Amino acid sequence: MRNLAFVLSVLSVMGLAFWAYRENYRTQGEMAEVRALRDEIGRLRESLGVLRAEWAYLNRPDRLRELADMNFVRLGLLPLEPRQFGTIADIPYPLPPSSGGLAVIGEPVDTVAEQEARP
Amino acid sequence: MTRTPLRPLARILSARDRGENPDTIERENIRLRREALRDRSRQRAEGRLLLLGVAFLVAFAAVGLQMGALAASEPAEPRRATTGETIATQRADILDRQGRVLATNLVTHALYAQPQFMVDPLRAARELAAIFPDLDAERLKADFTGKRKFLWVKRKISPEQMQRVHEIGDPGLMFGPREMRLYPNGTLAAHVLGGAGFGREGVGSAEVIGTAGVEKAFDDYLRDPANGGAPLRLTLDLTVQAAVEEVLGGGMRLMNAKGAAAILMDAKTGEIVALASLPDFDPNSRPLPPTKGDAGDSPLFNRAVQGVYELGSTFKIFAIAQALDLGLVRPETMIDTKGPMVWGRFRIRDFHNYGPELSVRDVIVKSSNIGTAHVAQRIGGPRQQDFLRRLGFFQPTPIELVEAPGAKPLVPAKWPEITMLTVSYGHGVAASPLHLAAAYAAMVNGGTRVAPTIVQRSPAEAAAKSAATGGEALIRPETSAIIRGMLREVVQRGTASLGEVPGYAVGGKTGTADKPKPSGGYYKDKVVATFASVFPAHDPAYVLVVTLDEPVDTSGTEPRRTAGWTAVPVGAEIIRRVAPLMGLRPEVEPLAGAGVIRVRN
């Protein structure tokens, strides 16, 4: 009985040692991955910053103004003016959906035939 | 434990037999027993002390070891932190009120040399001078072949330049990463942003520190890693700022002015939407401050905040507002304007002769110095001084720029009667255009003092700040309404008639002040023209102050310098361009007197 307990405890110590050994290596592997991910996040954040800076640089008002001037023939862009404000009354009231576009007012009249039919 | 009896019978009997006193045996035993007890408790106490000592030793050793470890080990980023918080090492960005980037960072490299590792120092010097035209080949040769072991060659280089330096292939030329502050919009809002430079420099990294403007005023906030890189949001609007700078630059050239400043401010909150000062500079390569000449002529000088000028007739509105508020006059009260008004050896004149008397309303509309001086006489010096102090003309503005506390208004130390008269029409007190904008905002928004600010705050912070610095009622809302009507009439039929912008009901007041000579006295042909305006006058949303330095309009037969011909058209053009950008819809102005009139039945 005592021998059995002794053997069992030795076996369990060996098993635990093996488990700890594997956990240790797994942890180190995970840490390496975390490190790699963090480095990547840092790199991506840096390139994000560069892209944001580039976006801001390309959208700077001076450049947009020059582009609008250069492409004036095609785009015809001018600074915003007070008269460009519309009111809700400027928009036509929507037609009822059932008419399907233009409303039919009455039967079409063939004016040419009427003219010819006249004496 | 066996307990020894105090009087063991055997020993007592034998003692009695020997004729000794048996009590000595008892005492002996008591002594022994006490000694044993004492030894035991001493042992126990010593054990406890030892335990305590060991515990303290372990605790202090742990603390000491940890301190030693912290002090001796290399700092490392925590790798196992499980929180999602990120550690931002960069300086925080600066954004405008709609989140557009005003300042951000870019990674570049710095070039340094370690001549002792160089293979061919002469060739390296020659090729470096070819890549960087601003470097001197002879000087580099002397440095590379001399005794120096380390020198910085360039602080910031572009990737292309870095590649070309790589191609020299000399092991003594090395690169260190650098974070560089980038202002993508160039000169836009240069005076607000200021600029940044390098502080302490190492091979691996360098501190970026602000040198002026908000960059310096908020240096601690921008550099604090605890903010997690949260950007600083300004109240400026990029598009509005760009439009203001464009129009102001055009106006400055047309009016042949040597400098110009414009401030666009929210009339109710004091938030500054645009703040421009011309000439300006590029904060990406901030020029060095001038070593000679007038600092006020340097492009670095922020005319809107640092420049203190006598602002002329724009001050008249304060005297009139105070008199109205105190009930001394009413808009229809007739004021004596017979000129010239003689006070001691001084004579106060008007630009034209306006006849024997004018109503208070027309004193403002026609901008009569004599009329304003007569109104000021009714107010009296102490009350006038107190009112101007409450308007903020005696202290620097509280705006969050490093330059602001240095821009103290120039006020006379004593306040004799003649000072009271001249100050009423804007001579004798010199203040910055920002002071004027804040005071006008208070005049038109219903009489509440506002503190100019350039940083967006959360509503709670804003409430706390306005409770601390602003919020004080300076004049009654009814007086403010009368003032707004007067300012509107100045544009409709007065000195600022070129300031009319259809749909926006501009109200404003012009001011033309002769520039003081450094030697004393005033120039005859140099003025500072100011237009302080509010739009729309019936429901004030924004205050605009335009100041031109030494303008002259040469479109007519003779040169015109008054603000009505110089600053007012520029201000009107700014309003026409900027108001739609801020979403202000042109409105039909309500007729004067069409408001609801309370009638008692």
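Being a predicted model, the structure only gives us computed values, none of them experimental. Throughout, protein chains are lettered first and strands after them, A, B, ... in sequence-line order, and every chain is numbered starting at 1.
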Checklist line | Per-residue contact mode, Gln84(A) against chain B (heavy atom under 4.5 angstrom) | finding: neither
Notebook entry, point to check: By number, which residues in residues 7-24 of chain A have some heavy atom less than 4.5 Å away from chain B?
Noted result: none
Next item on the list: Would you mind checking which part of Arg100(B) comes under 4.5 Å of any heavy atom in chain A, side chain (CB onward), backbone (N, CA, C, O), both or neither?
Entry: neither
Check: Using non-hydrogen atoms only, which part of Tyr183(B) is less than 4.5 Å away from chain A: side chain, backbone, both, or neither?
Finding: neither
Note to self: For the OG1 atom of Thr104(B) and the CD atom of Glu54(A), what is their distance to the nearest 0.5 Å?
What the structure shows: 12.0 Å
Margin query: So, taking the atom named CG in Leu238(B) and the one named CG in Asn59(A), what distance separates them when rounded to the nearest 0.5 Å?
Written below: 9.5 Å
Notebook entry, point to check: Which residue out of Leu188(B), Val101(B), Asn105(B) racks up the most heavy-atom pairs below 4.5 Å with chain A?
Noted result: Val101(B)
Check: Are there residues of residues 575-584 of chain B that reach to under 4.5 Å of chain A by heavy atoms, and which ones?
Finding: Arg576(B), Arg577(B), Pro580(B), Leu581(B), Gly583(B), Leu584(B)
Check: Are any non-hydrogen side-chain atoms of Val107(B) and Val50(A) less than 4.5 angstrom apart?
Finding: no
Listing, residues 60-72 of chain A side-chain donor-acceptor contacts under 3.5 Å, not counting sequence neighbours, or none:
from, atom 1, to, atom 2, distance (Å)
Arg60(A), NH1, Tyr57(A), O, 2.7
Arg63(A), NH1, Leu58(A), O, 2.6
Arg65(A), NE, Glu246(B), OE1, 3.2
Asn71(A), OD1, Arg74(A), NH2, 3.3
Asn71(A), ND2, Leu67(A), O, 3.0

Notebook entry, point to check: For Arg52(A), does the CZ atom sit with more than 12 other heavy atoms under 6.0 Å from it, leaving out its own atoms?
Noted result: no
Next item on the list: Quick one: list whatever passes ring pair (Phe, Tyr, Trp, His ring centres under 6.0 Å) with Phe175(B), sequence neighbours left out.
Entry: His166(B)
Checklist line | Minimum-distance pair of heavy atoms, taken over all atoms of Ala56(A) and Pro184(B) | finding: CB-CG, 3.5 Å
